[in-house]
Structure formats: C-alpha cells, structure tokens
Engineer: 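Please read through the structure below; I'll follow up with questions.
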Amino acid sequence: MRKLLMLSSHIPDPRIVKRLKSLNKFFDESYLLYWERDFGNGFSFSGIEGVISESISTTSNPSLVKRIFENRSLMEKTVNKVLTYGPDVIYLTGVESLLAIRKVPFKRKPMIILEIADLPANIHISKLGYFGKFVERKLVDLVKEVPDYYVITSPGFYQGYYERYGFDKNKFFVFENVPPKDIFKTFEINPEKIMNKEKLVIGYIGAVAYYSSLKTLFEACKNIQNVEIIIAGKGPDSEKVEREAKKYRNVKVLGRYNYEQDISRLYSMVDVVYSLYNTDNYNVKLLLPNRLYESIVCGKPIIVAKGTYLEEYVKKLGVGFSAPYKDVETLRTLINDIFNDRKKIYEISKRCMEIRDNYFYESIEEEFFKWLEHVYFLYNTK
C-alpha cells in the first residue's frame, strides 16, 4: 500500500489542487497538511474527495520578518504531525517546508519530492543585498540536500538556474502549469469573430501582482479609442491596482473569481491576454505562467516581456507578442498595431487551434504517472 503526504507551506492554489488530485489517483492513501497562508492571493481550500486534509493556523500574509519568526513554531507543529502519518512519499510545495522535513526523525526516510513553481531568489530575498545572496545560497543548498526528486513548472528553471548549481537533470520532471480540459471543454475558438469587432479587449486574469507592469498597460492604452482593459483576480497588489484603475475610463476591475466556475467565461470576454511581468525579478525571467497555457487553449494572443524565457517560448510557438518591461511607448505602438491589423490575432488564434490539445493537463498527467512509477521503483530498490 502506497501512502502519500503532501505538505504545503501555503493554502493550496489551483495548481496544487490539480496536482493533489493526480497524486490521489496514484497512491492508495493520500493526506494533505498545509499552513494557512495565502500571501494576499485570496485562495481558499474546501477539500478534495478521497484526500484527508489538515491545516496549521498561522498569519495569512505575514511580513518577511514575521514570517521568519512564525516559521519556527510552524516547523515544530509540522514535525509532530508528519510522524503521525507514516508516509511512503512526501510531496512538498514551498521551500520553507523543507526546513520542517529536515528535522523529522524518520525511522525509515520516505521518498521526498519537491515541486518548484518559483525560485528561492524571489523578490523578498533580492531586496536584501549581500545578505539576500547568502540566504539564497543556503536555500539552494537545502533544496539540493533534502529532496530526492523535483517537479518544476518551467524548463527555464533548470536551464537558467539549477543546472549551474550542479543539480542532476535526471531527477527533474517538468510539469508545466497547464489547465484541465474539462474546465475549457465548451470553450469555442472563433478566429473570424475578431475581424469585424469594433472594440479590442485586453485582459489580465489571475493573481493581481506586478503593479508597475499593469500601470504601464493602463498608460499605454489611455488614449487609444475602442481599447478596453479587464483586470480579474485578487492578489497582493489588488488595492493599488484598483486605486490606479479609477484614473482611467477604459479599465474595469472585476475582482476575485472562482477558477473552476469563472475562468472560461472570463477568457471569452477578452481578445488579447496581458502577461508582461517585472523583469527586474530573476524568477520572472525564467517562469512560464498558467496564463500562457490558458491563452493557448482559448485561442487568445498573449503579450509578454522581452528578454524572458517566456518570450522565447511564445515566439517558438507563434502565439503572441512581446514588449520591454515598463516601456509605455513601445507597448502603445504594439497595441495600436494589433488593433489596426486584426489579421495578426486571427492567425494566432488559428495557430492555437492547431496546438491546443497538447496544452491540457491530461496530456502531461499520463507522463507524470509514468515518471512517478519509475522514481518510486528506483527509490525502493536502491
């Protein structure tokens, strides 16, 4: 009998919920233990059928200093709880959870898999100068020391980061943050529709962060007639973005939404997807956001930041456009060009129709199961 414990250092988001549903198919018993943090993203978790879940109470969105002080108590509670589960495999999300697992006095160490959706060199650490570099190095050592295998959401994380630290490529599985097919099964792509549409709607859908990038979009579209912007979601920059949006007649902020119930409808409202992030964060230069795959399966062109792994990916697939971060004039020129030449959107929409089936969750899930079977066998026969 194979027993799984997923340990998350935050409230499960849609990506983690998808992953846990997959893992529950593979294991005979599945447990979830998570810390009640959402970092201002407004996530909630109502459970998964067949998975026994338990949470550890803590501050929802602590400052960095408070977070560090709280972690000691959280780790002690986590260590005590982990021992009661007796798992064969521990699947971790969030680097902080590694600190707790390292302290658990296992009689027989379970196989440990770490999923990495963001690099430890995040925006908080990058602000700490030389001390931040020291902390980053310690985190990298921790990531190398504790897990046996890794799941990453972007190939760029290995190519642009972990490879240079000497990590073994054979221990990595790339599970890009693609959407489940059932959520978009009724979504119809109609490339012809855009050709005669009077207005062009640009949408930012997801966790509301990267305030400066969204402000750039607002400024770029300020004086373009018949271009509207929709912001949908909740996040750490929600209040700042809402205040800024009030200055512009063509920006609508829709607020929080339910992913499974609302995401398909939200994408039906937009013509172009905006995903141009702050490139002063190294993590942003290498990540591939779920917004990329959602735009593909919905047949919508995506605008991304120049000089990123995401730009390379988008260009290779032929599914979008790029502009420099915080460059209002270049972005305005690009949006005017898209607005006046609808055939660009038409062609990308047709391209998305050709490849969309490759970017549903189910397409990668089967490969994930094969990989799990392989590494589980290797670990238990060594």
Side-chain angles (χ1 to χ4, degrees), residues 3-10 16 19 23 31-35 37 56 64 67-83 85-122 124-126 128 130-175 282-283 286-287 368 371-372 374-382:
K3 187 186 291 188
L4 167 80
L5 170 64
M6 175 181 274
L7 174 60
S8 177
S9 62
H10 54 84
I16 294 305
R19 198 74 76 246
L23 291 164
Y31 300 88
L32 167 68
L33 178 63
Y34 65 93
W35 300 351
R37 287 176 176 164
I56 299 177
L64 182 59
R67 183 171 167 180
I68 292 169
F69 279 106
E70 283 184 345
N71 281 356
R72 178 173 296 182
S73 172
L74 287 168
M75 285 172 206
E76 290 176 2
K77 293 175 182 177
T78 300
V79 169
N80 293 331
K81 288 184 180 295
V82 167
L83 287 171
Y85 293 108
D88 302 299
V89 175
I90 298 179
Y91 196 99
L92 303 173
T93 65
V95 172
E96 287 161 305
S97 58
L98 289 171
L99 293 166
I101 290 302
R102 188 172 61 173
K103 293 177 178 292
V104 179
F106 294 112
K107 289 183 179 179
R108 182 183 180 278
K109 179 180 169 290
M111 183 172 78
I112 297 172
I113 301 172
L114 172 67
E115 178 157 331
I116 302 168
D118 289 295
L119 299 177
N122 59 51
H124 298 298
I125 292 175
S126 65
L128 301 178
Y130 288 112
F131 179 68
K133 288 291 183 184
F134 171 78
V135 172
E136 179 187 351
R137 179 69 241 196
K138 289 297 181 182
L139 287 174
V140 170
D141 290 344
L142 186 68
V143 169
K144 200 173 206 178
E145 171 195 343
V146 179
D148 301 292
Y149 298 99
Y150 308 88
V151 174
I152 53 177
T153 56
S154 168
F157 287 157
Y158 182 78
Q159 297 168 15
Y161 193 79
Y162 288 108
E163 184 176 29
R164 75 183 189 208
Y165 285 108
F167 281 71
D168 183 352
K169 186 178 182 179
N170 295 319
K171 292 186 174 184
F172 284 76
F173 181 84
V174 180
F175 205 138
Y282 191 65
N283 181 63
L286 300 177
L287 63 75
F368 182 54
W371 179 78
L372 278 175
H374 175 66
V375 296
Y376 187 81
F377 173 79
L378 287 178
Y379 187 83
N380 286 286
T381 55
K382 66 181 180 180

Engineer: Is it true that Ser8 and Thr93 share a donor-acceptor pair across their side chains at a distance under 3.5 Å?
Structural biologist: yes
Engineer: Can you name the side chain to side chain contact (heavy atoms under 4.5 Å, CB included) partners of Arg108, sequence neighbours left out?
Structural biologist: Asn380
Engineer: What pairs with Val375 under side chain to side chain contact (heavy atoms under 4.5 Å, CB included), at least two apart in sequence or on another chain?
Structural biologist: Met111, Tyr149, Trp371
Engineer: List in chain and number order the residues that pass ring-ring contact (aromatic ring centres under 6.0 Å, His included) with Tyr158, two or more places apart in sequence or in another chain; answer none if no residue qualifies.
Structural biologist: Phe172
Engineer: Which heavy-atom pair separates Leu98 from Leu92 by the least distance, and what is that distance?
Structural biologist: CD2-CD1, 3.3 Å
Engineer: Asp88: what forms a side chain to side chain contact (heavy atoms under 4.5 Å, CB included) with it, not counting sequence neighbours?
Structural biologist: Lys3, Tyr376
Engineer: Mind listing the closest non-hydrogen atom pair of Val79 and Pro105 along with its distance?
Structural biologist: CG1-CD, 4.2 Å
Engineer: Checking Tyr31 now: which residues fulfil ring-ring contact (aromatic ring centres under 6.0 Å, His included) with it, not counting sequence neighbours?
Structural biologist: Tyr85
Engineer: Determine the minimum heavy-atom distance between Thr381 and Phe377, stating which atoms define it.
Structural biologist: OG1-O, 2.7 Å
Engineer: Between atom CG of Asp118 and atom OG1 of Thr153, what is the distance when rounded to the nearest 0.5 Å?
Structural biologist: 7.0 Å
Engineer: So, taking the atom named CD in Glu96 and the one named CG in Leu142, what distance separates them when rounded to the nearest 0.5 Å?
Structural biologist: 10.5 Å
Engineer: Less than 3.5 Å apart, any donor N or O on the side chain of Thr78 or Trp35 sitting next to an acceptor on the other?
Structural biologist: yes
Engineer: List in chain and number order the residues that pass ring-ring contact (aromatic ring centres under 6.0 Å, His included) with Phe106, two or more places apart in sequence or in another chain; answer none if no residue qualifies.
Structural biologist: none
Engineer: Would you name the heavy atoms of Val82 and Leu5 that are closest together and state the gap between them?
Structural biologist: CG2-CD2, 3.9 Å
